[in-house]
Engineer: 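First the structure, then my questions, so here it is.
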Number of protein chains: 2
Amino acid sequence: METVSENRCFGGVQGVYRHASQATGCEMTFGLYLPPAAEAGPVPVLWYLSGLTCTHENAMTKAGAQAAAAEAGIALVFPDTSPRGEGIADDAAYDLGQGAGFYVDATEAPWAPHFAMWSYMVEDLPAVIFEHFPCDPARQGITGHSMGGHGALTIAMAHPERFKSLSAFAPIAHPSASDWGQKQLGAYLGEDRGAWARHDATLQMRAAGYPGHILIDQGTQDQFYDLLMPGALADAIAARKQPATLRLQPGYDHSYFFVASFMADHVRFHAEALGA
Amino acid sequence: METVSENRCFGGVQGVYRHASQATGCEMTFGLYLPPAAEAGPVPVLWYLSGLTCTHENAMTKAGAQAAAAEAGIALVFPDTSPRGEGIADDAAYDLGQGAGFYVDATEAPWAPHFAMWSYMVEDLPAVIFEHFPCDPARQGITGHSMGGHGALTIAMAHPERFKSLSAFAPIAHPSASDWGQKQLGAYLGEDRGAWARHDATLQMRAAGYPGHILIDQGTQDQFYDLLMPGALADAIAARKQPATLRLQPGYDHSYFFVASFMADHVRFHAEALGA
């Protein structure tokens, strides 16, 4: 693991690191914020999964999460959204290929060799984090925005023993029924929709749910509202009687100005659930 | 004036606007954050002047200022750092020309026709702000980072009746004695150093000072520490017995992670001084 940069931030350290990932078969870059409390011992960890076109950097610089994390004593992980580099498959569209890994393990050509973001999140990156940093693997929460909200919901519902708290900002809530999902799941996983189910938060909510209370924020003026399909997930939550708080936030759109506005709420929500 | 974008943010509106400036002879873009309190009437205004290479956008997206501004009920203005465009003089160096206006009115070729950022800040942009937005011209404060800290200090000391509160993050404190200053003041104003004095915070502190209490934050690990010359300004502040708080912040560098870490302090400092 290589240190790219480290900056003091709210009394802690905002770092950027690079490591070789077996899952993606390439070098991966991630951000990690350690709060001041990490100097005294392992702290809980909140994973923040980013949306389409993002790298590790967007949320790290624009979501304003470090202030609340420093106060709550919780670490923040900012992974990249796909494998990257020359020799790695890509697509001219912003919503497929590099920057758009969709948090799945691709089985189809040309994506299969590198696009394994599900395994990267569940295996490779945690191994690096918990080997090198004072983070407590027994206290992990996960959140994300848009495509990252999709990733957070689906990964947490598949690994509730690991992710003990869960939230999302404007998640892609029902990808198997949306133009934000059908294209990508088809490309990465093929046309057999049986393989899609565990990557659809609405279907997973209907099938399994989540053992904790979920927090979801969604802006009413989100320019991608129809693609995100928040209603499908809300209906599934209601059908299951899933403990959840779904907040429709008047006037907010899909930007980081929306994410930043509610980030402190989410950080505190996770910190409380994880006993930070 | 043209609206480029408006995003809801912490209950208020983060806008970006474009207008024709007489001072710079070109179109200028600026950001303006209006807090929720602005719906009820004019609010105080904090000007945030940015550093080398920045546009109106950097601080607006990376400084995390809106949260504190919403809470305090104060507006934030994020001006650009120079005129821009084809047909406007530039230099290949990052620290001269476009993105590096240094908050002076250039008198020398090729800069004189457009590089009038002093007049832009003092005349053109205030006229636009107070014509179009619920901002109170009687309650203005000013701050900035690096080159913008230089701008805030020098503009406020020259206009204390207008800027009733003043702070800075890692300002270029003594440009007429630094490589961050001699090059630019020479290029924009010529080699007669008499014209430089009002654009040097240390010299202005010795000559005039400021009627209010000044807040300055400076990171001890700032990679540009020697170019900024905080000691020269500190010495001038001590010599004048200027009411001021100068904070050397251990471990912090020159980045926006430093600015963001102390932004809420600065916003609250201005809000209190301006009676927000």
Side-chain angles (χ1 to χ4, degrees), chain A residues 4-16 31-36 39 54 57-71 76 78 169-170 217-224 247-268, chain B residues 4-16 31-36 39 54 57-71 76 78 169-170 217-224 247-268:
Chain A
V4 177
S5 63
E6 289 185 332
N7 300 86
R8 186 152 293 275
C9 186
F10 289 96
V13 177
Q14 178 60 62
V16 175
L32 174 70
Y33 178 69
L34 287 178
E39 290 173 23
C54 289
E57 197 177 10
N58 301 63
M60 193 183 102
T61 57
K62 293 163 76 174
Q66 293 93 348
E71 198 171 324
L76 304 169
F78 302 102
F169 298 84
D217 274 311
Q218 172 64 57
T220 62
Q221 298 304 111
D222 194 313
Q223 58 270 50
F224 304 112
R247 306 193 300 192
L248 277 289
Q249 300 284 10
Y252 286 88
D253 58 29
H254 201 65
S255 69
Y256 268 99
F257 296 114
F258 156 67
V259 174
S261 296
F262 301 104
M263 179 56 81
D265 285 359
H266 284 243
V267 170
R268 287 191 286 258
Chain B
V4 177
S5 62
E6 290 186 329
N7 300 87
R8 187 152 292 274
C9 185
F10 289 96
V13 177
Q14 178 60 61
V16 175
L32 173 71
Y33 178 69
L34 287 178
E39 289 173 24
C54 289
E57 195 177 13
N58 300 63
M60 193 184 102
T61 56
K62 294 163 75 172
Q66 293 93 347
E71 198 169 326
L76 304 169
F78 302 102
F169 298 84
D217 275 311
Q218 171 63 56
T220 62
Q221 297 304 112
D222 194 312
Q223 57 270 47
F224 304 112
R247 306 192 299 192
L248 277 287
Q249 300 286 9
Y252 287 87
D253 58 29
H254 201 65
S255 68
Y256 269 99
F257 295 115
F258 156 67
V259 174
S261 296
F262 301 103
M263 180 56 81
D265 286 359
H266 285 244
V267 171
R268 286 192 286 258

Engineer: Are the side chain of A/E39 and the backbone of A/G12 linked by a donor-acceptor contact shorter than 3.5 Å?
Structural biologist: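 Not a single qualifying donor-acceptor pair exists.
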
Engineer: How close do A/R8 and B/F257 get, heavy atom to heavy atom, and via which atoms?
Structural biologist: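 Closest pair (atom of A/R8, atom of B/F257, distance): O-CB, 3.7 Å.
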
Engineer: Examine whether an atom of A/D253 lies under 4.5 Å from a heavy atom of chain B, and if so say whether it belongs to the side chain, the backbone or both; otherwise answer neither.
Structural biologist: side chain

Engineer: At a heavy-atom separation under 4.5 Å, does A/A67 approach chain B through its side chain, its backbone, both, or neither?
Structural biologist: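 The answer is neither part of A/A67.
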
Engineer: Relative to chain B, which segment of A/T61 carries a heavy atom at a distance below 4.5 Å: side chain, backbone, both, or neither?
Structural biologist: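 Both backbone and side chain.
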
Engineer: Give, as side chain, backbone, both or neither, the part of B/F258 having an atom under 4.5 angstrom from any heavy atom of chain A.
Structural biologist: backbone

Engineer: Among the options A/A260, A/G64, A/A264, pick out the one with the most heavy-atom pairs lying under 4.5 Å from chain B.
Structural biologist: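 Max contact count across the listed options: A/A260.
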
Engineer: Keeping B/Y252 on the side-chain end and B/V259 on the backbone end, is there a donor-acceptor pair under 3.5 Å?
Structural biologist: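 Looks like no, no N/O pair under 3.5 Å.
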
Engineer: Nearest 0.5 angstrom please: A/Q14 CD to A/L32 CG, how far?
Structural biologist: 7.5 Å

Engineer: Report yes or no: does B/Y33 contribute a side-chain atom to a donor-acceptor pair with the main-chain N or O of B/A65 at less than 3.5 Å?
Structural biologist: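 Checking the backbone N and O of B/A65 against the side chain of B/Y33, no donor-acceptor pair under 3.5 Å is found.
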
Engineer: Relative to chain B, which segment of A/Q66 carries a heavy atom at a distance below 4.5 Å: side chain, backbone, both, or neither?
Structural biologist: side chain

